[in-house]
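Below is one structure, written out as structure tokens, with a few remarks after it.
Start at 1 with the first residue, then count along the sequence.
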Amino acid sequence: MKFGIIVFPGSNCDRDVLTVTSGLLDAPTRMVWHQETNIADLDVVVIPGGFSYGDYLRCGAIAQFSPVIKSVIEHAHQGKYVLGICNGFQVLTEVGLLPGALIRNRDLHFICDRVSVKVERNDVLWTQKYSPKQVVTFPIAHGEGRYYADTDTLKALEDNNQVLFRYCSATGEMDESSNPNGSLNGIAGIINERGNVLGLMPHPERASDSALGTTDGKAMFVGILASR
């Protein structure tokens, strides 16, 4: 598996992902400047966290017009893998690769913390190294991370088992106190119907090195590599 990490003006988590894929896992990885259009050599495209274009207008709204995005959409339609983390998740909803939207946090505050997240299923590439209903700890850092969708879209997501991660308590219960941003249905991450596109607000790349206090996120990247 060869990774490509998209770099926009304002990206600030691209090197974090590189540290995991190339540094910790020794996987082929290249940084992809947002003006590039040829990504045919890549198996997994990662749209990292940060503040693409300074989050002007709204998060991810300008990034969707970068030249590379058309190639990312084609990449996804070919069945190749796309991972959007935090701002990357916002970009994926803006371009229509994932349904719904990420809006201002419930309390209108930027949140930087570690949270408990439940892995809803492990029969897809992204979570195959986790156990079903496993509770992991991931960092979050966002001001617009509240997942929102209309009633029909939410029902479709639930009916199709497209919710991959939910916010929860340390013991796996879901309630308002364990939902840091007010996301509907506690949604922290979803996949498309085909399963090759994942967007999530928490940062698994920031939970992949024991020096940072947790390695719960490393299993996601190990799982991706296990499918090569």
CD1 (Ile103) and OG1 (Thr93) are apart, to the nearest 0.5 Å, by 11.0 Å
Kindly say whether Asp107 contributes a backbone atom to a donor-acceptor pair with the side chain of Asn105 at under 3.5 angstrom? no
What residues, two or more places apart in sequence or in another chain, satisfy salt bridge (charged side-chain N to carboxylate O under 4.0 Å, His left out) together with Arg206? Asp16
With no hydrogens and no angle check, is any side-chain donor or acceptor of Arg104 less than 3.5 Å from a backbone partner on Gly145? no
Are any side-chain N or O atoms of Ser22 and backbone N or O atoms of Leu18, one a donor and one an acceptor, separated by less than 3.5 Å? no
Mind listing the closest non-hydrogen atom pair of Tyr81 and Met1 along with its distance? CE1-CE, 3.6 Å
Does any N or O in the side chain of Asn87 come within less than 3.5 Å of the main-chain N or O of Val91, such that one atom is a donor and the other an acceptor? no
Run through Arg146, Arg106, His142 and flag the one making a side-chain hydrogen bond (donor to acceptor under 3.5 Å, both in side chains) with Asn181. His142
Please check if the side chain of Trp126 supplies one atom and the backbone of Gly195 the other of a donor-acceptor pair under 3.5 Å. yes
Between Gly50 and Cys13, the two heavy atoms sitting closest are N-SG, 4.1 Å
Classify the ring geometry between Tyr130 and Phe165 as parallel (under 30°), tilted (30 to 60°) or perpendicular (over 60°). perpendicular
With rounding to the nearest 0.5 Å, note down the distance linking CH2 in Trp33 to CZ in Phe8. 10.0 Å
Check: Ala27 main-chain N/O paired with Thr29 side-chain donor or acceptor under 3.5 Å: yes
Tell me yes or no: between the side chains of Asp175 and Ser178, is some donor less than 3.5 Å from an acceptor? yes
Is there a path of hydrophobic side-chain contacts, each under 4.5 Å between heavy atoms, that joins Val135 and Val119? no
With sequence neighbours left out, write down each residue that passes side chain to side chain contact (heavy atoms under 4.5 Å, CB included) with Arg121, or none if nothing qualifies. Asp123, Val124, Asn161, Leu164, Ile191
May I ask you to decide whether Asp41 forms a salt bridge with Lys2, counting only side-chain N to carboxylate O separations under 4.0 Å? yes
Quick one: which of Leu97, Ile69, Asn192 gives a side-chain contact (heavy atoms from CB on, under 4.5 Å) with Leu92? Leu97
So, Gln90 side chain and Glu144 main chain: donor-acceptor pair closer than 3.5 Å or not? yes
Output a table of donor-acceptor pairs, distance under 3.5 Å, between side-chain atoms of residues 211-218 and any protein atom two or more places apart or on a different chain; print 'none' if there are none.
from: Thr214; atom 1: OG1; to: Asp216; atom 2: N; distance (Å): 3.3
from: Asp216; atom 1: OD2; to: Thr137; atom 2: N; distance (Å): 2.8

Using atom types as modelled and distance alone, determine if a side-chain donor or acceptor of Ser183 lies under 3.5 Å from a backbone N or O of Tyr147. yes
NZ/NE/NH1/NH2 to OD/OE distance under 4.0 Å, Glu158 and Arg166: yes
Backbone N/O of Ala149 and side chain of Thr153: donor-acceptor pair under 3.5 Å: no
Determine whether a donor-acceptor pair (N or O, by modelled atom type, separation under 3.5 Å) exists between the side chain of Gln128 and the backbone of Gly223. yes
Approximate separation, where rounding is to 0.5 Å, of Ser71 OG and Asn38 CG: 7.5 Å
Looking at Glu74 and Lys80, is any side-chain nitrogen of the basic one under 4.0 Å from a carboxylate oxygen of the acidic one? no
